[in-house]
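Start at 1 and go down the list; that is how both ligands and their atoms are numbered.
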Amino acid sequence: MTPDVRDRAGRPHRANSRTGTAVPEAAWDRAVRLIGQAEEIALACHVTPDGDALGSMLAVGFALRSMGKRVVASFGDHHFVVPRLLRFLPGQEMLVPPEDYPAAPSLMMTFDASTFERLGLLRDNTARAREVIVLDHHPSNEGFGTLSLIDSTAAATAMLAEQLIYRLGGRLDRDIATCLYAGLVTDTGSFRHSSTTPAVHQMAGRLVATGLRTDEIARELWDRSPFGYLKVLAAALDRAVLESGLVWTYVTRVDRAAQGLPYAELEGIIDIVRRTDEAEVAVVLKEDDHGHWQVSTRSKGKADVGAVCAALGGGGHHNAAGYTSYDSVEKTMAAFRRELGKV
Ligand code: 5GP
Ligand code: MN
């Protein structure tokens, strides 16, 4: 007999949420049926969206719109702004701030959100939704909705979004391809991470064939920033510490304020810090506008930072993960070292 599994909101959890497996056919079929029956579909991705979260959501939004569905899309940040580096993505007219989001959607879909908490201000809306389809690729996602389209072998949620679009009878156009490509290229680190399988390159081929300017997308995503970023980066690198296989640094609100730099501009710092040859694990503590530390962690493969961050209240992948710390820099690092020592 099937145990009576319930999600966090107390709804019976009907769908297959096994991780580490491809999405079962029955789950795809049910998603297509639910979407077919819906008039309005409310989309949500995780807070402070990255290219995969926002790109997957907007791509599916385009496909749903072309089926004649009403679409609203959002993410649950207190300060609702699309990160500057994602403003080139088409489809932003679908976005509404959390306060304008349907209070109790009949059909909701979430993108790249590994936990219920990652929905931020949209948690209550999600808890009240009749059906919640969860599209994700995080191994830690146990399925907080009523239907899981979760495949932890997928390099990006964008790969699941592409599948869904085909199964809905949609096809790729340049807008959809731009959004999906942003997701694919973000989560594979420009096709550098070990998650970059033949299927990833095959998907990239399909996307690029729509006429994408991959050079322009790459520049929007990684190769531009305001001048103040250089100064903040310099401060962060100046403070970097190397200690037995671990390299870490931090960026304060004061650093950013001195340069008028928004929090979202800090995303790339970890990619510079993690190149340190002497370190297996890299950590960057980024103080957000509320004074909390958003902790970005990366591993070169030996240590499972996903497990470390999960133990500290966050989550993510084996080699890239994060969490929020409400402690001081010193206490945050002490707790991190302690957990790292256990994996
Ligand atoms: P980043 O360091 O780029 O912000 O995050 C790396 C990865 O860690 C993300 O793709 C996401 O999967 C995960 N992650 C980051 N912050 C959090 C968090 O607060 N909670 C959870 N569950 N995962 C996080
Ligand atoms: Mn992702």
Give me the nearest non-hydrogen protein atom to [atom] as residue plus atom name, then the distance to 0.1 Å.
{"atom": "atom 7 (C) of ligand 1", "value": "Ala320 O, 3.6 Å"}
{"atom": "atom 20 (N) of ligand 1", "value": "Arg118 CD, 3.4 Å"}
{"atom": "atom 6 (C) of ligand 1", "value": "Arg298 NH1, 3.6 Å"}

(request) Quick one: closest heavy-atom pair of Ser299 and Lys302, and the distance? (result) OG-N, 3.8 Å
(message) On a heavy-atom basis, which atom in Leu107 and which in Ala38 lie closest, and how many Å separate them?
(response)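 Closest heavy-atom pair between Leu107 and Ala38: CD2-CB, 3.7 Å.
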Classify the side-chain pair [X]/[Y] by whether it contains a donor and acceptor separated by less than 3.5 Å.
{"X": "Thr332", "Y": "Ser325", "answer": "yes"}
{"X": "Asp255", "Y": "Thr252", "answer": "yes"}
{"X": "His137", "Y": "Asp187", "answer": "yes"}

(message) Of all the N, O or S atoms in Asp112, which has the shortest distance to the Mn ion (ligand 2)?
(response) OD1
(message) Among Ser296, Gly306, Ala310, which one puts a heavy atom closest to atom 2 (O) of ligand 1?
(response) Ser296
(request) Closest by any non-hydrogen atom to atom 24 (C) of ligand 1: pick that one out of Ala282, Ala321, Gly315, Ser325. (result) Gly315
(message) What I want to know is whether Gly322 and ligand 1 share at least one N or O pair that is separated by under 3.5 angstrom.
(response)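 Min N/O separation from ligand 1 is below 3.5 Å for Gly322.
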(message) Taking distance alone, with N or O pairs closer than 3.5 Å, would you say His138 contacts ligand 1?
(response)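 So ligand 1 has an N or O lying under 3.5 Å from an N or O of His138.
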(request) Have a look at Thr324 and tell me which of His292, Gln294, His290 forms a side chain to side chain donor-acceptor pair (under 3.5 Å) with it. (result) Gln294
(request) Verify the distance test for Asp136 against the Mn ion (ligand 2): any N/O/S atom under 2.8 Å, yes or no. (result) no
(request) Check whether any N, O or S atom of Asp52, backbone or side chain, sits closer than 2.8 Å to the Mn ion (ligand 2). (result)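 Here the distance criterion (N, O or S atom, under 2.8 Å) is met by Asp52, so yes.
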(request) Please could you name the atoms of ligand 1 that Ser114 approaches to less than 4.0 Å, counting only its heavy atoms? (result)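 Ligand 1 atoms under the 4.0 Å threshold to Ser114: 22 (N).
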(request) Considering only protein heavy atoms, determine whether one is less than 4.0 Å from atom 9 (C) of ligand 1. (result)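 Flag for atom 9 (C) of ligand 1 set to false, no protein heavy atom closer than 4.0 Å.
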(message) Are the side chains of Val32 and Leu168 in contact, using a 4.5 Å heavy-atom criterion?
(response)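 They are in side-chain contact.
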(message) Counting C-beta onward and ignoring hydrogens, is there a side-chain heavy-atom pair between Glu287 and Val329 closer than 4.5 Å?
(response)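 They are not in contact (no side-chain heavy atoms under 4.5 Å apart), so the answer is no.
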(request) Report the angle formed at the Mn ion (ligand 2) by atom NE2 of His137 and atom OD2 of Asp187, rounding to the nearest 10°. (result)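 Seen from the Mn ion (ligand 2), NE2 and OD2 are separated by roughly 90°.
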(request) Mind checking the CD1-CG spacing from Ile41 to Leu64? Nearest 0.5 Å is all I need. (result)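 One finds 4.5 Å between CD1 of Ile41 and CG of Leu64.
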